[in-house]
Amino acid sequence: MNGIPRYNPAQIEPKWQKHWDETGVLNASNDHTMPKFYPLIEFPYPSGAGLHVGHPRSNTAMDIIARKRRMEGYNVLFPIGYDAFGLPTENYAIKNHVHPAQVTQQNIDHFRQQLKRLGFSFDYTREDNTTDPKYYKWTQWIFLKLFEKGLAYKSEMPINWCPSCKCGLANEEVVGGVCERCGSEVVRKVKSQWMLKITDYAQKLLDGLDTVDFIEKVKVQQRNWIGRSEGAEVDFTLTSGDKLRVYTTRPDTLFGATYMVISPEHPLIENRRSLIANYEAVAAYREAAARKSDFERTELNKDKTGVRIEGIRAINPVTGTEIPVWVSDYVLMGYGTGAIMAVPAHDERDWAFAKTFGIPMIEVVAGGNIEEAAYTDIQDGVMVNSGFLNGMKVAEAKKSIIEWLTEKGLGEKKVNFKLRDWVFSRQRYWGEPIPLVKCEKCGWVAVPYEQLPVTLPAVEHYEPTDDGESPLSVMTDWVNTTCPHCGAPAKRETDTMPQWAGSSWYFLRYIDPHNDTELAAMDELKYWLPVDWYNGGMEHTTLHLLYSRFWHKFLYDIGAVPTPEPYQKRTSHGMILGENGEKMSKSRGNVINPDDVVDELGADAFRLYEMFMGAFDQAIPWSTESARGCRRFLDRTWRLMEMMTDEEGVSADLKCDVHTAIKKVGEDYERMKYNTAIAAMMSLLNRFYEKGSVTRGEMKIFIQLLNPVAPHITEEMNELCGFGGELVRKPWPEYDPAALVRDTVEVALQICGKVRGRMNVPADLTRENAEAFFMAQDEVKKLVGDKPVRKFIFVPGRLVNIVV
RNA sequence: GCUGAUGUGGUGGAAUGGCAGACACCGGGGACUUAAAAUCCCCUGCCCUCACCGGCGUGCGGGUUCGAGUCCCGCCAUCAGCACCA
């Protein structure tokens with residue numbers, strides 16, 4: 001071919017992006033007779049800094065799958081939107097005295113332009129924006145449904161409070177004792193907060209995991225976070241006459257309980273203050289514990305501390321023995337009953353505590369050495385020193401003791417979860433208003449559905465007030481309203497929702513984004529749900545992913561969505577680190593700007609590099625040098641046009657290479673092994689170069705395989721070569737299994753497991769006739785000599801190993 | 001501390017128990033060029049050697065196997081998550 005222009009991504013990339021925009025060829029179709037495919041990436045938070053190189057990693061990966069599915073004949077919905085409520089925008093607004101909505105709009109426009117520059121095949125006609133009143137109308141609608149069903153409640157409780165953000169945080173948002181967003185130390189503060197009862201769904205969230213194809217580590221993390229444990233609650237009688245209820249996962253060790261521990265916040269201390277001889281010491285300990293943040297209380301607690309309560313003792317219900325009661329901060333009020341029975345012989349924490357304070361131990365499960373360490377094995381141990389449980393295995397003993405306790409009315413079987421309810425109020429401006437009204441007479445009343453959305457009023461200042469109330473609280477015109485119930489004067493809720501609200505259901509809105517009368521139409525939901533493949537970061541496993549599963553299950557229960565789970569498959573990408581191997585951040589000065597990379601190398605090379613840089617699920621440092629290598633590959637691909645022949649088919653000598661590549665690339669895309677898929681295409685390209693020519697037939701296949709990763713260059717080549725049509729509309733190539741086999745294969749020749757040579761042998765050589773074949777070869781005779789052959793191993797296509 | 005993941009050339013990384021280092025990056029050499037860039041070709045794990053031959057090599061120590069980067073046992077290191085969950 002003559003007159004081939006230079007490869008110029010700056011010219012061809014905008015050309016094809018414009019073409020896709022104008023034709024809408026990548027958009028989802030309304031044709032419900034087609035098989036559907038719904039891939040999803042986590043919609044970005046449109047920060048002022050613009051796109052990060054991390055975004056395109058996930059986006060390109062799913063774009064490859066989306067583009068391949070279109071070629072396979074699916075109706076693909078690959079949507080994009082913006083999770084735009086949130087603190088950075090609000091903080092920017094506070095600092096610069098601009099309305100957050102204005103900042104948000106600018107940022108979204110910038111993001112969209114950056115995303116389009118990278119050639120992602122999103123359907124931009126279905127964009128979500130969580131800050132759009134048409135969108136958050138339905139976020140509020142879902143909240144009201146939760147409120148209606150009793151799953152939203154107000155609670156006066158100690159919450160995590162960030163003094164810097166002046167904002168309450170969910171437990172899940174506190175990372176290592178500091179605020180996840182700003183890094184300030186989190187303190188405790190009592191505040192009346194809206195809570196969502198995610199704990200009501202703990203079992204359903206757990207069971208649902210068995211029905212979906214999430215990668216195993218995501219399932220493990222969610223299971224651990226939900227933290228189901230089976231055990232029993234047992235009542236101990238105290239010498240004060242009270243009953244002290246404990247939760248234990250090891251009721252089988254009840255005979256070994258030699259003391260009890262209550263949390264410093266346990267009500268018993270105040271209720272029986274007069275009976276506690278050393279109340280002063282206990283109160284002092286409690287104050288010390290309260291001063292510690294959760295972080296200190298746990299982190300600094302390598303050595304166990306505690307105070308023994310003088311004046312109250314407990315009676316072990318099975319042995320009748322009197323045992324002491326201690327106060328220690330290793331027992332938390334927020335889990336179980338805030339009190340435990342301590343079995344130092346068979347629990348590591350109890351063991352450490354008992355050692356520190358010289359408390360006796362009783363071995364009740366034989367098999368370990370309790371002088372050395374607590375014996376916690378629950379498989380092989382056999383009960384001893386345990387009355388009627390003696391001789392039983394742990395599992396059996398557990399069952400028996402629970403039956404016994406239930407019969408005697410001393411306790412019962414109990415399932416506990418670590419999962420805690422979701423703190424849903426924020427004292428901030430830039431969030432969805434909570435659509436509730438407080439009436440003196442009627443209490444909390446829902447704003448009627450037909451009045452939604454409750455929109456954010458314009459305010460003068462976006463800062464939370466000094467007492468920590470939302471900026472909305474000073475908007476008296478907005479706050480003062482009437483009760484929808486009785487018409488009396490009433491006040492609006494001024495707290496707003498957390499950022500997690502809008503992101504908990506955004507994938508539903510994509511399905512029917514312009515619907516004014518419903519969240520989304522049921523026939524559309526039935527066609528598109530569930531999301532077939534959702535890729536995102538591991539950091540969202542226990543926050544966003546769990547919250548959105550909770551909301552979805554709730555919506556399923558009220559009949560608003562047709563599937564019990566939102567996402568069928570969940571995969572996860574690794575982080576992109578800076579060139580120095582550290583996390584990319586402004587403060588470290590190692591941030592790579594995607595725009596700069598596209599300017600220098602083009603979007604296709606950028607996409608290619610992000611997929612080639614290493615294993616998709618692992619953290620990889622960025623390397624601009626390596627990225628240039630990917631551009632080199634595209635330059636070489638482009639120059640294939642100079643060596644293209646008029647032949648239509650695949651040449652005989654490359655038939656095997658081409659079909660092997662079709663198989664490998666297709667399978668590797670599906671397994672998210674993008675790096676080896678690209679390596680296979682590089683190898684094939686090298687074969688074309690070795691040969692010095694490529695046929696039209698080979699070229700068609702090659703650019704089709706490469707198209708999902710590098711869509712612009714391949715479309716341009718398709719056009720320049722005069723192949724007709726567009727790659728996005730062409731079918732994905734199929735391989736011919738017969739073409740994969742070669743006539744001869746090279747095998748390794750091993751003597752006693754050491755490689756001594758290589759040989760070409762017929763590919764159809766079988767195990768049966770291999771020994772005769774090899775022993776007749778001169779090369780083999782030379783290596784073996786006259787030593788007797790003790791063993792002969794032949795692995796077809798791989799190697800032969802002769803043991804002498 | 002617990003849990004999980006990872007550990008392979010100068011670098012990023014390949015490798016259903018079967019030829020370790022695919023594919024790239026960096027580096028070196030050559031061709032082309034007045035020259036440079038670009039491009040093309042060759043070399044590139046380490047040691048010994050002019051070269052051949054050979055030896056050593058997947059964090060460390062054992063084991064299973066004809067054969068181990070891969071499986072088992074015990075360590076070490078790094079990273080991530082969790083923070084005493086009874």
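Fair warning: this is a prediction, and the values are worked out from it, not measured in the lab. Below, chains carry the letters A, B, ... as their sequence lines are ordered, and counting in each starts from 1. For the numbers below, each heavy atom of this structure counts, side chains included, while hydrogens, waters and symmetry mates do not.
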task: Can you tell me the distance, in whole Å, between the CG atom of A:N801 and the P atom of B:G17?
output: 18 Å

query: Taking the C1' atom of each, how far is B:G9 from B:C47, in whole Å?
result: 14 Å

message: Within the 4.0 Å heavy-atom criterion, would you say A:A342 contacts the bases, only the backbone, or no part of the nucleic acid?
response: nothing

- request: Answer yes or no: is there a side-chain heavy-atom contact under 4.5 Å between A:Y674 and A:F612?
  value: no

Heavy-atom donor-acceptor pair, A:Y7 side chain to A:R636 backbone, under 3.5 Å: no

message: Within the 4.0 Å heavy-atom criterion, would you say A:Q750 contacts the bases, only the backbone, or no part of the nucleic acid?
response: base

query: Taking only N and O in the side chain of A:K418, is any of them less than 4.0 Å away from OP1 or OP2 of B:C85?
result: no

field: Separation between the P atoms of B:G57 and B:A20, rounded to whole Å
entry: 13 Å

B:C25 versus B:U34 - spacing of their P atoms, nearest Å: 28 Å

- prompt: Do A:R308's NZ or CZ and the ring of A:F357 fall within the cation-pi criteria of under 6.0 Å and 45°?
  reply: no

field: Short side-chain N/O contact from A:R798 to OP1 or OP2 of B:G17, under 4.0 Å
entry: no

- request: Find the distance between OG1 (A:T199) and CG (A:L205) and round it off to the nearest 0.5 Å.
  value: 10.0 Å

message: Can you tell me if A:R420 touches the phosphate of B:C85, counting only side-chain N or O atoms and a distance under 4.0 Å to OP1 or OP2?
response: no

task: Pick the P atom in B:A22 and in B:G29, then give their distance to the nearest Å.
output: 22 Å

message: Please classify B:G9 as syn or anti, treating any glycosidic angle within 90° of 0 as syn.
response: syn

- line: Comparing A:Q221 with A:L799, nearest RNA chain B nucleotide closer to 5' gives the residue A:L799

task: Would you mind reading off the distance between A:R6 atom CZ and B:A37 atom P, rounded to a whole angstrom?
output: 17 Å

message: What contact category does A:V803 fall into here, base, sugar-phosphate, or nothing, at under 4.0 angstrom with non-hydrogen atoms?
response: sugar-phosphate

field: Whole angstrom value for the distance that separates C1' of B:G4 from CG of A:D617
entry: 13 Å

message: For A:R639, is there an ion pair with A:D635 - N to carboxylate O distance below 4.0 angstrom?
response: no

message: With a cut-off of less than 4.0 Å, is there a side-chain N or O of A:Y330 near OP1 or OP2 of B:A86?
response: no

task: Under 4.0 Å between any heavy atoms, over every strand shown, what does A:T541 touch: base, sugar-phosphate, or nothing? Just pick one.
output: nothing

- request: Can you tell me which stems RNA chain B forms, taking runs of 3 or more consecutive Watson-Crick or G-U pairs with both distances under 3.5 Å?
  value: B:1-7 with B:76-82, B:10-12 with B:23-25, B:27-31 with B:39-43, B:45-47 with B:54-56, B:59-63 with B:71-75

task: Using atom CD of A:E216 as one end and atom C1' of B:A5 as the other, report the distance to the nearest whole Å.
output: 14 Å

message: Within residues 622-633 of chain A, which residues have any heavy atom lying less than 4.0 Å from an atom of RNA chain B?
response: A:E625, A:S626, A:G629, A:R632

task: Considering just the side-chain nitrogens and oxygens of A:T676, establish if one lies under 4.0 Å of OP1 or OP2 belonging to B:C23.
output: no

query: Has A:K691 got more than 12 heavy atoms of other residues, nucleotides or ligands less than 6.0 Å from its NZ?
result: yes

message: Suppose you measure atom P in B:C60 against the same atom in B:G10; what distance do you get, rounded to whole Å?
response: 14 Å

- request: Considering non-hydrogen atoms only, spot the tightest contact between A:I802 and A:M775 and give its length.
  value: CD1-SD, 4.2 Å

field: Shortest non-hydrogen contact between A:M643 and A:G692, atoms and distance
entry: CB-O, 3.5 Å

field: A:N675 side-chain N/O to B:A14 phosphate OP1/OP2 under 4.0 Å
entry: yes

message: Near RNA chain B, counting only heavy atoms under 4.0 Å, which residues of residues 683-693 of chain A show up?
response: A:S683, A:N686

task: Starting from P on B:U6, measure out to CE on A:M538 and report it in whole angstrom.
output: 13 Å

task: Answer with yes or no whether the side chains of A:H540 and A:E42 bring together a donor and an acceptor at under 3.5 Å.
output: yes

query: What do you reckon, is CD of A:E667 surrounded by more than 12 foreign heavy atoms closer than 6.0 Å?
result: yes

- request: Taking atom P in both B:G61 and B:A68, compute the distance separating them and give it to the nearest angstrom.
  value: 15 Å

field: Exam field: side chain A:T542 to backbone A:W225, donor-acceptor pair closer than 3.5 Å
entry: no

- prompt: Do the charged groups of A:E625 and A:R628 touch, with an N to O distance under 4.0 Å?
  reply: yes

- line: Here the distance between atom C1' of B:U39 and atom CZ of A:R636, to the nearest Å, is 10 Å

- prompt: Taking the C1' atom of each, how far is B:U49 from B:G59, in whole Å?
  reply: 30 Å

message: Check this for me, if you would: do A:E412 and A:K414 make a salt bridge, where the nitrogen-to-carboxylate-oxygen distance has to be below 4.0 angstrom?
response: no

Considering all heavy atoms, the nearest A:R57-A:G574 contact: NH1-O, 2.6 Å

5'-most by nearest nucleotide on RNA chain B - A:K673 or A:M575: A:K673

Spacing of the P atoms in B:G28 and B:A14 (rounded, Å): 27 Å

message: Rounded to whole Å, please give me the gap between NZ in A:K414 and C1' in B:C85.
response: 14 Å

- prompt: Tell me: CZ of A:R349 to C1' of B:C82, nearest whole Å?
  reply: 14 Å

